[in-house]
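Worksheet: one structure, shown below.
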Amino acid sequence: MSFARAGLRTLRSLPSAQVYRSSALINQRRLISDEARKLIDNAVQSNPLVVFMKGTPEAPQCGFSRAVCQILDVQGVPREKIVSYNCLEDQELRSAIKEYSEWPTIPQVYIKGEFVGGCDIVLSMHQSGELENLLIKEGLAPPLPEEAPKA
C-alpha cells in the first residue's frame, strides 16, 4: 500500500470535526503572504511597543481595543511610545496578524518583539501588577515615585 493511500486511510479514521479543524488551520497558514509576514515581523521587532487594534489609540473602534489603550494610559505609557496598526483599514493585516501570533483575536500587544496577548491577558497582567513591572523594566512607563516615609 502506498504512503498516500495509508495517509488517506488515517484521515478517514479521524472524527470529521477534527479533520475539518486541522484542514482549516492548514489552509489558514497559507493565507499569509511572505511580504505580510516580513512587514509584521519588522514592525514588531523594530518598535518597543506595538498594538494591532481596531481603530487608533485616539479613536478605538472596539471595546477591547479601547480597554487596552485605557490600560496603557493608566500605566503611564506615553502615546508617542505606542506604535499602533488599525486592522480595520487592511483586511490582509487583519487576517495575517492572527496567523502571525497564532492568536485568534484583536487587539494584540507586542513588547520588545514578544507577543504579550490580547485584551484579557493585558487586563489580567494589569490587575496583578505584572504589566506595570514589564513596562517599567522595558522603559515604556515611568516607575512610580517612592512614597516619603511617614513621620
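Below, each value reflects all heavy atoms present in this structure, side chains not excepted, and no hydrogens, waters or symmetry copies.
With rounding to the nearest 0.5 angstrom, the CD1 atom of Ile71 is 13.0 Å from the CZ atom of Arg66. Annotation: the span from Ser101 atom OG to Ile106 atom CD1 amounts to 8.5 Å, rounded to 0.5 Å. Expressed to the nearest 0.5 Å, how far CD1 of Ile40 lies from CD of Gln45 amounts to 12.0 Å.
Ser46 contributes a side-chain N or O that, together with a main-chain N or O of Asn42, makes up a donor-acceptor pair within less than 3.5 Å. Of the possible polar contacts, none joining the Ser65 side chain to the Cys62 backbone as a donor-acceptor pair under 3.5 Å is found. With hydrogens and angles ignored, the 3.5 Å screen pairs no side-chain donor or acceptor of Gln91 with any backbone N or O of Leu88.
Cluster membership for Leu131 and Ile136, using ILVMFWY side-chain heavy atoms within less than 4.5 angstrom, is not shared. The hydrophobic cluster containing Val83 also contains Val77, counting ILVMFWY residues as joined when their side-chain heavy atoms lie under 4.5 angstrom apart, directly or transitively. Under the 4.5 Å side-chain heavy-atom criterion for ILVMFWY residues, a single connected hydrophobic cluster contains both Ile97 and Phe115. Linking Ile, Leu, Val, Met, Phe, Trp and Tyr whenever their side-chain heavy atoms come within less than 4.5 Å puts Val44 and Ile121 in one cluster.
A pairwise comparison of heavy atoms in Gly139 and Lys81 identifies O-NZ, 2.7 Å as the closest pair. Considering every non-hydrogen atom in both Val68 and Cys119, the closest pair reads CG2-CA, 3.8 Å. Nearest heavy-atom pair across Asn86 and Gly55 is OD1-N, 3.0 Å. Here the shortest heavy-atom pairing between Pro57 and Cys69 reads CA-SG, 3.6 Å. Gly117 approaches Val122 most closely through the heavy-atom pair O-CG2, 4.2 Å.
Environment of CD in Glu58: crowded, with over 12 heavy atoms of neighbouring residues, nucleotides or ligands closer than 6.0 Å.
Between Glu99 and Arg37 a salt bridge is recorded (basic side-chain N to carboxylate O distance below 4.0 Å).
For the pair Val109/Val50, no side-chain contact is recorded, criterion being any heavy-atom separation below 4.5 Å from C-beta on. At least one side-chain heavy atom of Arg79 sits less than 4.5 Å from a side-chain heavy atom of Asp73. The side-chain heavy atoms of Glu130 and Ser124, taken from C-beta on, include no pair separated by under 4.5 Å. Residues Leu134 and Leu140 have side chains not in contact (no heavy-atom distance under 4.5 Å, counting atoms from C-beta outward). In this structure, Lys98 and Trp103 have side chains that are not in contact, with every pair of non-hydrogen atoms separated by 4.5 Å or more. Side chains of Thr105 and Asp120 form no contact here, defined as non-hydrogen atoms less than 4.5 Å apart. Lys54 is listed as a side-chain neighbour of Arg94, based on a closest heavy-atom distance under 4.5 Å.
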Q) Checking side chain to side chain contact (heavy atoms under 4.5 Å, CB included) for the pair Cys87/Met53: CA distance, chi angles, key distance, verdict? A) CA-CA 6 Å; Cys87 294; Met53 59 184 291; over 6 Å; no
Q.
Before you tell me yes or no, could you show the steps for Asp90 and Tyr85 under side chain to side chain contact (heavy atoms under 4.5 Å, CB included), namely the whole-Å CA-CA distance, both residues' side-chain angles and the distance that decides it to 0.1 Å?
A. CA-CA 9 Å; Asp90 185 343; Tyr85 292 89; over 6 Å; no
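Under the 3.5 Å distance criterion, with hydrogens and angles disregarded, no donor-acceptor pair is assigned to the side chains of Tyr110 and Asn47. If you check the side chains of Gln75 and His126, you find a donor sitting under 3.5 Å from an acceptor.
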